[in-house]
Number of protein chains: 2
Amino acid sequence: MDDTQDTWLPQPDIDSVDITTVLQALADPTRLQIVRALAAVEESTCTALDVPVKPSTVSHHMGILREAGIVSTRLAGNARPSRLRREDLERRFPGLLTAILNATPPTR
Amino acid sequence: MDDTQDTWLPQPDIDSVDITTVLQALADPTRLQIVRALAAVEESTCTALDVPVKPSTVSHHMGILREAGIVSTRLAGNARPSRLRREDLERRFPGLLTAILNATPPTR
DNA sequence: ACGCTACTACGATGAATATCGAAATATTCG
DNA sequence: CGAATATTTCGATATTCATCGTAGTAGCGT
């Protein structure tokens with residue numbers, strides 16, 4: 001069969017995404033951890049991510065990130081690897097994702 | 001009397017601020033509106049801001065922004081004009097505030 | 001002193017949400 | 001086919017939080 005075409009879960013057009021929605025999605029510690037992990041590997045499934053919450057919660061967070069236009073999710077067998085929409089986000093909100101990923105831990 | 005010294009409300013050291021706290025503070029529509037308004041005028045009191053919530057709510061939001069390291073609040077008579085901590089934020093999270101302030105409305 | 005203004009603090013309330021477990025779906029593997 | 005895997009969906013719960021009204025504090029003007 002022709003398997004060169006990937007199927008993707010529905011995701012918003014990047015131009016229709018509001019900055020408030022993006023900030024709300026990124027303003028959660030667990031989701032920020034997911035985003036950082038995805039930034040390091042470029043693609044990962046829910047179960048491969050090392051986050052301290054249950055699988056159903058990871059799936060929930062991934063859905064929030066997807067609907068906010070932050071990640072794309074591909075259908076690959078029974079898995080759904082997601083990746084950051086880096087170029088889309090850079091075009092829509094230049095410098096935003098970079099600034100967040102470059103953020104250093106606070107001094108305690 | 002020597003009135004060259006301003007008095008300020010307590011605010012966190014910018015280096016001790018966490019990115020999650022900043023994102024949470026900015027992820028609210030009303031607070032984002034306040035931040036945008038402050039970016040336009042450089043200094044403003046709570047009552048001078050044109051936001052669609054009651055004064056006690058504006059004060060609440062300003063406190064959140066202050067504790068997140070986003071605004072500084074000066075004591076001036078009975079008023080408390082606040083301003084964006086632009087340079088502090090730029091040093092702590094380079095490009096973040098600029099990216100958010102430059103965000104354009106979504107296409108609907 | 002008295003009223004007016006600006007803001008803060010407190011308590012209450014209703015809505016949003018992060019988390020979990022269980023059930024359902026779909027796919028791969030034996 | 002049957003079992004295991006990956007993920008989603010649903011329901012429940014507990015917490016967080018945005019908003020408001022009222023009351024309190026403090027400075028300014030008359």
Side-chain angles (χ1 to χ4, degrees), chain A residues 1 3 5-11 18 20-38 41 43-68 70-83, chain B residues 1 3 5-11 18 20-38 41 43-68 70-83:
Chain A
M1 325 162 195
D3 216 344
Q5 287 281 45
D6 279 348
T7 313
W8 302 81
L9 289 184
Q11 65 182 28
D18 189 74
T20 305
T21 306
V22 173
L23 291 176
Q24 276 174 350
L26 295 174
D28 178 85
T30 305
R31 287 195 290 266
L32 202 51
Q33 191 173 342
I34 293 175
V35 167
R36 278 196 230 274
L38 289 180
V41 301
E43 184 178 83
S44 177
T45 63
C46 282
T47 48
L49 291 170
D50 186 26
V51 286
V53 290
K54 300 297 175 185
S56 62
T57 307
V58 180
S59 176
H60 167 250
H61 285 312
M62 199 64 81
I64 301 246
L65 291 172
R66 187 186 320 122
E67 286 166 24
I70 297 172
V71 304
S72 285
T73 304
R74 186 169 61 88
L75 277 73
N78 55 351
R80 280 117 201 257
S82 299
R83 63 185 63 180
Chain B
M1 325 166 193
D3 215 342
Q5 287 282 47
D6 279 347
T7 312
W8 301 81
L9 290 184
Q11 63 182 33
D18 189 77
T20 305
T21 306
V22 174
L23 291 176
Q24 277 174 350
L26 296 173
D28 179 86
T30 305
R31 286 196 289 267
L32 202 51
Q33 190 173 343
I34 293 176
V35 168
R36 278 195 229 274
L38 289 180
V41 301
E43 187 180 81
S44 176
T45 63
C46 282
T47 46
L49 291 171
D50 186 27
V51 286
V53 288
K54 300 295 174 186
S56 63
T57 305
V58 180
S59 176
H60 165 72
H61 283 313
M62 200 65 82
I64 301 253
L65 290 172
R66 188 187 318 119
E67 287 165 25
I70 296 172
V71 304
S72 284
T73 304
R74 187 169 60 89
L75 276 75
N78 54 351
R80 283 130 200 242
S82 299
R83 64 184 64 180

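Here is how names work: the chains are called A, B, and so on, in the same order as the sequence lines, proteins then strands, and each is numbered from 1. Here the structure is a predicted model, which is why all the values come from computation and not from measurement.
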Could you check how far [atom1] of [X] sits from [atom2] of [N], rounded to whole Å?
{"X": "B:His60", "N": "C:dA12", "atom1": "NE2", "atom2": "P", "value": "17 Å"}
{"X": "B:Arg31", "N": "D:dT16", "atom1": "CZ", "atom2": "P", "value": "15 Å"}
{"X": "B:Asp28", "N": "D:dA18", "atom1": "CG", "atom2": "C1'", "value": "7 Å"}
{"X": "B:Gln24", "N": "C:dT17", "atom1": "CD", "atom2": "P", "value": "12 Å"}
{"X": "B:Ile34", "N": "C:dC7", "atom1": "CD1", "atom2": "P", "value": "12 Å"}
{"X": "B:Ile64", "N": "C:dA9", "atom1": "CD1", "atom2": "P", "value": "12 Å"}
{"X": "A:Leu9", "N": "D:dT9", "atom1": "CG", "atom2": "C1'", "value": "14 Å"}
{"X": "A:Leu32", "N": "C:dA18", "atom1": "CG", "atom2": "P", "value": "13 Å"}

If you compare every side-chain N and O of [X] against the phosphate oxygens of [N] (OP1, OP2), does one of them come in below 4.0 Å?
{"X": "A:Arg66", "N": "D:dT8", "answer": "yes"}
{"X": "B:Thr45", "N": "C:dC7", "answer": "yes"}
{"X": "A:Ser56", "N": "D:dT7", "answer": "no"}
{"X": "B:Thr57", "N": "D:dC20", "answer": "yes"}

Looking only at heavy atoms, what is the nearest atom pair of [X] and [Y], with distance?
{"X": "B:Ala27", "Y": "A:Thr20", "answer": "O-CG2, 4.0 Å"}
{"X": "A:Arg74", "Y": "A:Asp6", "answer": "CD-OD2, 2.9 Å"}
{"X": "A:Val71", "Y": "A:Gln11", "answer": "O-OE1, 4.0 Å"}
{"X": "B:Leu49", "Y": "B:Ile34", "answer": "CD1-CG2, 3.8 Å"}

With a 4.0 Å cut-off on heavy atoms, is [X] in touch with a base, just the backbone sugar-phosphate, or nothing at all?
{"X": "A:His61", "answer": "sugar-phosphate"}
{"X": "A:Leu75", "answer": "nothing"}
{"X": "B:Thr47", "answer": "sugar-phosphate"}
{"X": "A:Arg74", "answer": "nothing"}

Distance-only donor-acceptor test (3.5 Å): side chain A:Asn78, base D:dT5
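In this structure, the two groups form a donor-acceptor pair.
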Which nucleotide, C:dC7, D:dC20, D:dT8, lies nearest any side-chain atom of A:Arg80?
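Of all the options, the side chain of A:Arg80 is nearest to D:dT8.
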B:Thr73 versus B:Arg80, side-chain donor and acceptor atoms under 3.5 Å
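Result is no, nothing qualifies.
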Which residue lies toward the 5' end of DNA chain C, A:Ala76 or A:Thr30, if each is placed at its nearest nucleotide?
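The 5'-side residue here is A:Thr30.
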